[in-house]
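Reading through the C-alpha cells given below for one structure.
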Amino acid sequence: MKRRPPRSAAGAPAIADGIAACEDFLSWHADISDAENAARDYADRMPWLTTGQRHEVVRLYVADRLGLIRAMRTRVAERESALHSEYGRRCEALRNRLLCTVVALALVTAAACIPVPLLVLFTGD
C-alpha cells in the first residue's frame with residue numbers, strides 16, 4: 001500500500017517513504033506470524049493427522065490466509081487510490097467555488113463602497 005508523505009521539508013518525503021516501507025514490512029511479517037499460529041492451532045484440533053499431513057495442512061492454511069490478506073491489501077490500496085482521486089477532485093471544486101465567492105464578494109464590496117466617496121466628492125459636502 002503506497003502512502004503519500006507530507007511535503008514539509010526537503011528530506012521528509014524520502015524519510016516518510018522509508019518509514020512506510022518499514023511499517024509495511026513489519027505488518028506483512030506480523031500477518032505471516034499470525035497465519036502460522038492460526039494454522040498450527042487449526043491443525044492441533046485434528047490429532048489424527050500424521051506429521052506430514054499436519055505440515056501440509058499448516059502450509060496450505062498459511063498459503064490461503066496470506067493470499068486472502070494480499071487480496072485484501074490490494075483492494076484497500078485500490079480503494080485508497082480511488083478515494084484520493086475523488087477527494088482531490090472535490091477539494092479542487094471547493095477551492096474554485098471559494099475563489100469565485102471571494103472574488104464576487106470583493107466585487108460587490110467594491111461596487112458598494114466606491115460610489116459613496118464619489119458622491120461625497122461631487123456633492124461638495
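All values below come from the heavy atoms of this structure, side chains included, with hydrogens, waters and symmetry mates left out.
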Ion pair check, Arg89 and Glu92, cut-off under 4.0 Å: no
same_hphob_cluster(Leu60, Trp48) at 4.5 Å side-chain heavy-atom cutoff: no
Grouping I, L, V, M, F, W and Y whenever their side-chain heavy atoms are under 4.5 Å apart, do Val57 and Leu66 come out in a common cluster? no
Nearest heavy-atom neighbours spanning Arg40 and Asn37: NH2-OD1, 2.6 Å
Before accepting this row, confirm whether a basic side-chain N of the pair Glu56/Arg59 lies closer than 4.0 Å to the acidic partner's carboxylate O. yes
Treat each ILVMFWY residue as a node, draw an edge where side-chain heavy atoms are under 4.5 Å apart, and state whether Tyr42 and Leu49 are in one component. yes
Would Val102 and Val108 show up in the same hydrophobic cluster when neighbours are defined by side-chain heavy atoms closer than 4.5 Å? no
Indicate every side-chain donor-acceptor pair of residues 27-34 with a distance under 3.5 Å to a residue at least two apart or in another chain.
unit_1, atom_1, unit_2, atom_2, d
Ser27, OG, Arg73, NH2, 2.5
Asp31, OD2, Arg73, NH2, 2.7

Treating Ile, Leu, Val, Met, Phe, Trp and Tyr as nodes and any side-chain heavy-atom pair under 4.5 angstrom as an edge, say whether Val62 and Ile69 lie in one connected cluster. yes
Between CD on residue Glu86 and SG on residue Cys91, distance to nearest 0.5 Å: 12.5 Å
Side chain Thr101, main chain Arg97, donor-acceptor under 3.5 Å: yes
